[in-house]
Colleague: 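Quick one: the structure is below, questions incoming.
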Amino acid sequence: MPEKFTKPYDHKATEGAIYQKWEESGYFNPDNLPGERKEPFSIVLPPPNVTGTLHMGHAAMLAVEDILIRFERMRGKKTLWIPGTDSAAIATQSKVEDILYKTEKKTRHDVGREDLLKRIDAFTDESKSTIVNQLRRMGSSLDWSRYTYTMDEKRYKAVMEAFVRMYNAGLIYRGNRIVNWDPKLQTTVSDDEIEYKEQTDSFYHFQYGPFVIGTVRPETKFGDKYVVMHPNDARYKEYAHGQQIDLEWINGPITATIIKDEAVDMEFGSGVMTITPAHSLVDFEIAKRHGLDIETVIDERGILLPIAGEFAGQHIKKARPAIVEKLQKKGLIVKTDEKYVHNIATNSRGGGIIEPQIKRQWFVAVNKEFERDGRFVTLKQMMREALENKKISITPDHFEKIYYHWINNLRDWCISRQIWFGHRIPVWYKTELGSDMEAIHFKEDTLTEKLGLTDEKAFDRFSTDLLEKSGWKDKNILWGSIRNGTIQLYIGYINVLKQKGLLDDNWINQNRINKSQREAEMHVGEKPPADIGWYQDPDTLDTWFSSGLWTFSTLGWPEETQDLRTFHPTSVLETGYDILFFWVARMILMSGFLLNDVPFKRVYLHGLVRDAQGRKMSKSLGNIIDPLDMIEKYGADAVRLSLIVGAAPGNDIKLSEDRVRGYKHFANKIWNITRFILDASEAAPVGKILPEDQSVIDETKQAVQEATTHIEKFRLDLAVDTLYQFVWSRFADVILEESKPLLRGDDAQRASSRSAALTQALTIILAALHPFMPFVTEEIWSSLPGKKDLLMVEAWPAK
RNA sequence: GGGCGAUUAGCUCAGUUGGUAGAGCAACUCUUUUACACAGAGAAGGUCACAGGUUCGAGUCCUGUAUCGCCCACCA
């Protein structure tokens, strides 16, 4: 018997070496697997953030997926588990920007786009190895030869291709619509990334002509010239739709128009409201229904525009009390509720408070019909049908209801982001200015005076100089145009001037004439047309756009690769229920349109890992259990089991260190069972199994069969429970105890028979436990006499 | 406001088509020349949230109530 069995199982001395053996065997790669394997089984790893570290949620995901992969590999399938990491666009860029500011006191505008991207690349390269090694520590049998990164060259190509195809099918369009604008991160945010947070504010009731209107946001009220009420509201039946009323408002007399619309809740407040279409989705829709004017009141930075009169140029936060004070003086405040509790929209990706803005952005049309297989369908329909036709099933199944509910409420998906790190939109513009970004116009003399520049040549030199210092490559972005005494400057240019302290918001808002957006000649494609003067859209794509391609971009799409033919659709997509909509639904959308197929056949949703009290693990609560600490202390096998047992699909897992410790004991139990059996087989050499000992094997097989059924139903929790019960309470406590007298008895034939039966039962147990506890089982396997190949490719001991 | 879950031993959770309540952990008693004290043997622990109903029979099916959780929407 090997020396090591005289001591308790030592995971630290074992796990590293075992993983190395697996990797060296090449068996993680389906092309190297022994025997003839026809049936494929594939999973793509939901790619963790490249700059992140492993947390318990990842650990749970890895445990489940590795169990499924190892189980199917042992069942003789051609198994592929594709590793990858995600660029996590916004999160990563913010992180690098933070570092930049902390170490060099610079913003991204100081260093410029190209330089920032270089810094991000360096940062991600450096941290990539951390997460990749942590994935290995869990024992994950990922095929590293197929490792992918969302921002690598092939994936970039796939994203470009997808965009172009969807654009050509009319499913991607550019439109001016109200979007969720994050003034802190200066980018749009998709509907799904918004998180509502409760907040207490003052709620003001204002006298608005004969009406009383309420608001928590007086600073948006400058543009309000429509007063809306329900058509059936008897209190206001004397007022007619379209009727005009003169009244006194914040900055003097205005004329308001009565609008009757059913969107108004008669029960709320006075049943009358004014609308701010440019900064509220509901108001925007009312305005569109009635063809009303839509006026922007607040700019991208939260600064009030000239429409605010004397308040123009102020930040909304500062302006609010001043506006309230003015209304108070004018006697227009009826009353104020100090403690009004309401929800405000925030950017869940660490951003600020969402300020709806009307912006020109790129969208995916989910309700637009296109031709497919001789009929007209919409993306929404396709997403719905994938489940209705049972091409995809979700475990646990009640999530299917939630999925349908989400689809039904789905609006067009805003896919453009104003951050720099990400897949850049493959669209090119050509105007005399180089793009059709937003521009602001000024009177020529005001600007030349402000910057101390006397003529156009001086301005040109000034710009060129600025250009060099700021590192911008494309001169066209920085320059504006002068014509008819008006200077037109791009937002990007203005931002640079602001950072240099040459202009400030106050001045801009007082001197601007208007804003414009020029139509440009447009080309959609990865590369610009051959002639010069084309300028690429500065925006990048929503990170979920590229994530949506993940099941097939990782397999080489758009090329017709062998991998794509063999492994797509993937067998199972396993992820947390928290990204069902972000990711799962979008993969169904993308795969449906681009491949006319589903991305996976089965969705398995695991729960979230919480602490022992059921709270989310967070830094602020200080209740984070680090999977690597746990692996260090108790071994990866124990960590895996602790995340599987008691975790029914979709249920949250309450994890405590005690649980992990408990499963370390189980690893040791198996270790000692082996020691006992090796001992026995040395004392009583393995012989022919007599009929009276056959039951030991039969019973073992039956337990494994039961576990197999559970795994097939994705009840890994029950499967491991079955095996645990059998091994500990039945095999160790009863069968081994009963065997002792037989092994030491006078009947040598019986002793050999029993010893043989136990040895065989042990091999079955080891094989059955291997997907769950790969390290300890593989280590024991290597010490059993007569075993040549690795346990990971041994045949599964049940049908 | 709409939707989806949950409520079973001190804690965490199983409980397949209805047939006398299960596991792990913790706690209790005993056991150490025993494969394993990271152990074994034993005992204890439950009005299955509550109230009705269907049934020969309900933790399981139906109705309602309460509490907790999550998702979606959102009121100016």
Colleague: Assign each of A/N668 and A/D721 to its nearest nucleotide of RNA chain B by heavy atoms, then name whichever residue's nucleotide is nearer the 5' end.
Modeller: A/D721
Colleague: Are OP1 or OP2 of B/A35 and a side-chain N or O of A/R744 less than 4.0 angstrom apart?
Modeller: yes
Colleague: Do the side chains of A/W671 and A/K4 get nearer than 4.5 Å, heavy atoms only?
Modeller: yes
Colleague: When you compare B/G19 with B/A51, how far apart are their C1' atoms, in angstrom units rounded to a whole number?
Modeller: 25 Å
Colleague: Between A/E262 and A/R289, is there a side-chain N and carboxylate O pair less than 4.0 Å apart?
Modeller: no
Colleague: Please report the distance separating the C1' of B/U34 from the corresponding atom of B/C28, rounded so that it comes out in whole Å.
Modeller: 24 Å
Colleague: Using a 4.0 Å heavy-atom cut-off to protein, can you give one letter per nucleotide of nucleotides 41-46 of chain B, 5' to 3': B if the base is in contact, S if only the sugar-phosphate is, - if neither?
Modeller: S-----
Colleague: Sequence neighbours left out, what pairs pass ring pair (Phe, Tyr, Trp, His ring centres under 6.0 Å) with at least one residue falling in residues 645-664 of chain A?
Modeller: A/Y663-A/Y724
Colleague: Of the nucleotides B/G15, B/A76, B/C4, which has the atom closest to the A/R715 side chain?
Modeller: B/G15
Colleague: Indicate whether OP1 or OP2 belonging to B/A76 is found under 4.0 Å from a side-chain N or O atom of A/Y340.
Modeller: yes
Colleague: Rounded to whole Å, please give me the gap between NZ in A/K664 and C1' in B/C38.
Modeller: 6 Å
Colleague: Can you sort out the partners of A/Y226 under ring pair (Phe, Tyr, Trp, His ring centres under 6.0 Å), two or more places apart, ordered by chain and number?
Modeller: none
Colleague: Thinking salt bridges, do A/D10 and A/K12 make one under a 4.0 Å N-O criterion?
Modeller: no
Colleague: Mind listing the closest non-hydrogen atom pair of A/H279 and A/V297 along with its distance?
Modeller: NE2-N, 3.0 Å
Colleague: How about A/Q243: does its CD atom have over 12 heavy atoms from other parts shown lying under 6.0 Å from it?
Modeller: yes
Colleague: How does RNA chain B read in dot-bracket, base by base from 5' to 3', with Watson-Crick or G-U pairs under 3.5 Å and | used when the partner is on another strand?
Modeller: (((((((..((((.....[..))))..((((.......))))......(((((..]....))))))))))))....
Colleague: If you look at every strand shown and take non-hydrogen atoms under 4.0 Å, does A/K7 touch a base, only sugar-phosphate, or nothing?
Modeller: nothing
Colleague: Going by heavy atoms in the side chains, are A/D201 and A/R320 under 4.5 Å from each other?
Modeller: yes
Colleague: Got a sec, which residues hit side chain to side chain contact (heavy atoms under 4.5 Å, CB included) with A/F581, two or more places apart in sequence or on another chain?
Modeller: A/D192, A/I402, A/W406
Colleague: With rounding to the closest Å, how many angstrom separate the P atoms on B/G5 and B/C11?
Modeller: 25 Å
Colleague: Grab the CD1-P distance between A/I677 and B/A35 for me, whole Å please.
Modeller: 12 Å
Colleague: According to the interplanar angle, ranging from 0 to 90°, do the rings of A/F268 and A/Y340 count as parallel (below 30°), tilted (30 to 60°) or perpendicular (above 60°)?
Modeller: perpendicular
Colleague: Across the strands shown, which category fits A/I213 at heavy-atom distances under 4.0 angstrom: base, sugar-phosphate, nothing?
Modeller: nothing
Colleague: Listed by chain and number, what are the ring pair (Phe, Tyr, Trp, His ring centres under 6.0 Å) partners of A/Y604, not counting sequence neighbours?
Modeller: A/F714
Colleague: In whole Å, what separates the P atom of B/A26 from that of B/G40?
Modeller: 12 Å
Colleague: Name all residues meeting the ring pair (Phe, Tyr, Trp, His ring centres under 6.0 Å) criterion together with A/F284; count only those two or more places apart in sequence or in a different chain, and write none if there are none.
Modeller: none
Colleague: Given atom NZ of A/K669 and atom P of B/G24, what is their separation to the nearest angstrom?
Modeller: 12 Å
Colleague: Near RNA chain B, which residues from residues 263-270 of chain A have a heavy atom under 4.0 Å away?
Modeller: A/V264, A/D265, A/F268
Colleague: Tell me whether A/K740 at atom NZ has more than 12 heavy atoms from other residues, nucleotides or ligands lying less than 6.0 Å away.
Modeller: yes
Colleague: Taking the P atom of each, how far is B/A23 from B/A9, in whole Å?
Modeller: 14 Å
Colleague: Can you name the residues that form a side chain to side chain contact (heavy atoms under 4.5 Å, CB included) with A/A60, not counting sequence neighbours?
Modeller: A/V609, A/L643, A/I653
Colleague: In terms of side-chain heavy atoms of A/L736, which of B/A35, B/G5, B/A76 is nearest?
Modeller: B/A35
Colleague: Give each protein N/O atom lying under 3.5 Å from an N/O atom of nucleotides 72-74 of chain B, with the pair distance.
Modeller:
unit_1: B/C74; atom_1: OP2; unit_2: A/Y196; atom_2: OH; d: 3.2
unit_1: B/C74; atom_1: N3; unit_2: A/N343; atom_2: ND2; d: 3.1
unit_1: B/C74; atom_1: N4; unit_2: A/N343; atom_2: ND2; d: 3.3

Colleague: Just checking, is any N or O donor in the side chain of A/E388 or A/Y404 under 3.5 Å from an acceptor N or O on the other one?
Modeller: no
Colleague: In whole Å, what separates the C1' atom of B/C50 from that of B/C71?
Modeller: 27 Å
Colleague: Just by distance, no angles: are the side chains of A/N180 and A/S190 close enough, under 3.5 Å, to form a donor-acceptor pair?
Modeller: no
Colleague: Once side chain to side chain contact (heavy atoms under 4.5 Å, CB included) is applied, do any residues pair with A/V179, and if so which ones, sequence neighbours excluded?
Modeller: A/T188, A/K359, A/Q361, A/F363, A/C414
Colleague: Among the nucleotides B/A76, B/C25, B/A35, which one has an atom lying closest to any side-chain atom of A/F203?
Modeller: B/A76
Colleague: When the distance from OH of A/Y577 to P of B/G69 is rounded to whole Å, what number comes out?
Modeller: 13 Å
Colleague: Using the C1' atom as the reference point in each nucleotide, state the distance between B/C70 and B/G10 in Å, no decimals.
Modeller: 27 Å
Colleague: List the protein contact pattern of nucleotides 6-13 of chain B with one symbol per nucleotide (5' to 3'): B for base contact, S for sugar-phosphate-only contact, - for none; contact means a heavy-atom distance under 4.0 Å.
Modeller: ------SS
Colleague: Remember a base hit wins even if backbone is also touched, and classify A/L580 as base, sugar-phosphate or nothing at under 4.0 Å, heavy atoms.
Modeller: nothing
Colleague: May I ask you to say what A/R217 touches in the nucleic acid, namely base, sugar-phosphate or nothing, with a heavy-atom cut-off under 4.0 Å?
Modeller: nothing
Colleague: Does A/K260 pair with A/D233 as a salt bridge, N-O distance under 4.0 Å?
Modeller: no
Colleague: Quantified in whole Å, what is the C1' atom distance between nucleotide B/G22 and nucleotide B/A44?
Modeller: 16 Å
Colleague: With a 4.0 Å limit, can you tell me whether A/K740 has a side-chain N or O closer than that to the phosphate oxygens OP1/OP2 of B/C36?
Modeller: no
